[in-house]
2 protein chains.
Amino acid sequence: MAASTLAEVAKLAGVSPATASRVLNGSARTPGAGIAERVRKAAESLGYVPNLQAQALAKSSTGLIGLIVHDIADPYFSAIARGVQEAAHQKRRMVLLATTDGTPAGEKEAAAAFAARRADAIVIAGSRSHRAEDAAANQDLAAELERYCRNGGRLGVVGQGIIGLPEIDGYSTLPVPNEELARQLATELAAGHDGPFVIAAGPDGLATSDERVRGFQRGLADAGRPAAEVLHAAFNRDGGFDAGSRLAARLRAESARPCIFAGNDVMAIGVAAALRGDGLSVPEDAALAGFDDIEWLRDLQPELSTVGLPLEDIGRQVTLGALLDSGADPDGAASAGISGTVRLRRSTARA
Amino acid sequence: MAASTLAEVAKLAGVSPATASRVLNGSARTPGAGIAERVRKAAESLGYVPNLQAQALAKSSTGLIGLIVHDIADPYFSAIARGVQEAAHQKRRMVLLATTDGTPAGEKEAAAAFAARRADAIVIAGSRSHRAEDAAANQDLAAELERYCRNGGRLGVVGQGIIGLPEIDGYSTLPVPNEELARQLATELAAGHDGPFVIAAGPDGLATSDERVRGFQRGLADAGRPAAEVLHAAFNRDGGFDAGSRLAARLRAESARPCIFAGNDVMAIGVAAALRGDGLSVPEDAALAGFDDIEWLRDLQPELSTVGLPLEDIGRQVTLGALLDSGADPDGAASAGISGTVRLRRSTARA
DNA sequence: AGCAAATGGGAATGCGCTTTCCATCAATCC
DNA sequence: GGATTGATGGAAAGCGCATTCCCATTTGCT
């Protein structure tokens, strides 16, 4: 009942396994037309399906790309995943998925699993964490990845590099200018908003969030504005809701109309929901901006001011970059780096 | 530079590969404590990472689950993917991802790739297509999957069964009561809406869409209402926008306030955007309902009336179901089947 | 015609691991 | 005390395939 093998096909066609292999899978040498036809026919009649596992073992290249994300249902990650998938398909590879809930320990586990499967490349899309409690796991992760790269694996990371991982062959990072973009956002917002600024950020130590906060504060400083108060919460919708709730209570007490910068779009959604739940509305009672410009959130009302990031492209580029022949430095292709765009919409319109 | 092998570990530990295998990978037989310790130490010092490909080849079980979706960035699919991923993790498997853009041809290709990799199970989440132009591809798909199952593969499908695939060992379907839920939705909407109904559906022949349309119409009929006009468009946000645009033109001409049922939530988003672009608003100028209750869209304004589907659970159950030991019928676990809930919100409030 | 060079196919080896099947040795029994 | 278990480690045979040699033909040339 098991699938038929190359050997069976060869026998049926009356040739050697070597020949069968040569005709069925693209080899440098192509057997004669007559033989090829016989083999193909035999394969067809047996319903032969080549065993890629065995192929991989024989030629030590699996055609697998491991993708590590925090949560595949988060639109930020699923957009990147789409890009990765596209690039993988283009390069005739399959993508292997792992989710980590954002813990370095989970990333380490996933990396180990990918290494064990001898994935040709690993792509990591989640944010780094500088939190003290993650230090040990970060070290494990770095060690695991270093070994992976030393063994010939290729690694592409979105945004910041892996903490503690030295520059090593096969390891590449796709920088995302979070800080600079957040600075630009702050600059533009400062020009149109007189009140105070508040930041609904992710956990302290989450690199992506930290970068955005830092950039935003710098933008405010450049504009001669006082630093924004920073509220820390989970880096997702619920975290935003949480921060929004805390904020709402104060908003009704204070008179100033603040401008809230949420660390990412889904947090912004949460903030908006919390405010609305408290009878406050955007942009009347508070201006609100996010980050990422998530596709599904563009139809939200009021339209969310945010920073557009080419997420799909990020996924594509980091994958292609990782797959690049180890040879020359990655100045090939249109790897002009990632850039984003500040998009001011109604959620930060003047009251 | 290549990764070290079991044989190397064995040699370093001064034991046979067999023994090394037994201690490093869970075997029925466990070597003595002293030996085990030596082997473990050797593995550690060599940075040994077992080659799962080779393992898979040797014991003919890959620990892989293939997941086929239309588009991983679509929140409907990414929610299901999360469930699949969870179940896979729980069962110590990894998930292999493939996207198809909704064509049976793409699904066939993906299924073939998974079969070639000898995935333990394949999970298909996309909708079937009954379109005439897809008939040939459907047949190919069914043939591919039938062969896969015959060779011992396991297959789980969300919603409708694969067209042309006979009941066969290893093949299971997780029914989703689209029709019944759509009927309920229509019933409830009919009770609160006096005007005409319009359906913004997916392409004619797309099973999921067809089921929902059919159920909705039946609900209307049961309530003694005339059948709704059906507008066909792509089964995504842009399709909704398209349908919405066509509708908007007429709305301003006609006087009646219609209730629009979009085939899924993202289509509903598109419809809403189109209407808004034409200066029409929901629910004042038209009531609007969707289907799926996508998590990210719950914070939309006005809140969308829809049918809640436990997407993550669907992913989990179909995966677990597919993985089930071929033995007894799946009456184990809490596989009580999938059910949904009609959730009326402000988008269909009385004008 | 005679030889070198290409060409086309097969035998054999190995990829890294699991898993019988043996051989060994100590513990146990009558 | 010798025979019988039972446990334990090793040898070897695959798992399904790619690939390197190697040999027998052809082909091309002088």
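Below, chains carry the letters A, B, ... as their sequence lines are ordered, and counting in each starts from 1. Basis for what follows: all heavy atoms, side chains included, without hydrogens, waters or symmetry-related copies.
Applying the salt bridge (Lys or Arg N to Asp or Glu O under 4.0 Å) test to residues at least two apart or on different chains, the pairs with a partner in residues 93-104 of chain A are R93(A)-D120(A). The list of salt bridge (Lys or Arg N to Asp or Glu O under 4.0 Å) pairs with a residue in residues 51-63 of chain A, not counting sequence neighbours, is empty. Evaluation of the ring pair (Phe, Tyr, Trp, His ring centres under 6.0 Å) test over residues 13-58 of chain B, restricted to residues two or more places apart or in two chains, returns none.
With sequence neighbours excluded, the residues that form a side chain to side chain contact (heavy atoms under 4.5 Å, CB included) with V84(A) are L67(A), I80(A), V123(A), T319(A). Qualifying ring pair (Phe, Tyr, Trp, His ring centres under 6.0 Å) partners for F77(A), counting only residues two or more places apart in sequence or in other chains: H70(A). Looking at residues two or more places apart in sequence or on another chain, you find a side-chain hydrogen bond (donor to acceptor under 3.5 Å, both in side chains) between S129(B) and D134(B). Residues forming a side-chain hydrogen bond (donor to acceptor under 3.5 Å, both in side chains) with S16(B) (at least two apart in sequence, or on another chain): T19(B).
Counting only distance, with no hydrogens or angles, the side chain of Y148(B) and the backbone of A119(B) share a donor-acceptor pair below 3.5 Å. Looking only at distances, a side-chain donor or acceptor of R154(B) sits under 3.5 Å from a matching main-chain atom of A322(B).
Between the P atom of dG16(C) and the CG atom of L52(B) lies a distance of 14 Å, rounded to the nearest Å. The separation between N151(B) atom CG and dC15(D) atom C1' is 15 Å, rounded to whole Å. The distance between atom CZ of R118(A) and atom C1' of dC15(C), rounded to the nearest whole Å, is 11 Å. Put simply, CZ on R117(B) is 14 Å from P on dC17(D), counting in whole angstrom units. Taking atom CD of residue Q53(B) and atom P of nucleotide dC15(D), one finds them 18 Å apart after rounding to whole Å. Atom CG of L6(B) and atom P of dT19(C) are 12 Å apart (whole Å). As a whole-Å value, the separation of N51(B) CG from dG16(C) C1' is 6 Å. Following rounding to the nearest Å, R38(A) (CZ) and dG8(C) (C1') show an atom-to-atom distance of 13 Å.
Regarding contacts with the backbone of dA18(D), a side-chain N or O of Q55(A) is found under 4.0 angstrom from either OP1 or OP2. Between N25(B) and the phosphate of dT18(C), there is a side-chain N or O to OP1/OP2 separation shorter than 4.0 Å. OP1 or OP2 of dG10(D) lies within a sub-4.0 Å distance of a side-chain N or O belonging to S16(B).
Closest to the P50(A) side chain, of the nucleotides dC17(D), dT18(C), dG9(D), is dC17(D).
Among the protein residues, S60(A) comes within range of no part of the nucleic acid, since none of its heavy atoms lies under 4.0 Å from any strand. Residue L57(A) is in base contact, counting any heavy-atom pair closer than 4.0 Å across all strands shown.
Fit an axis to the five pairs at each end of the helix from dA1(C)-dT30(D) to dC30(C)-dG1(D) and the two axes sit 40° apart, to the nearest 10 degrees.
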Below 3.5 Å between N/O atoms, which protein atoms pair up with nucleotides 19-25 of chain D? Just atom names and distances, please.
none

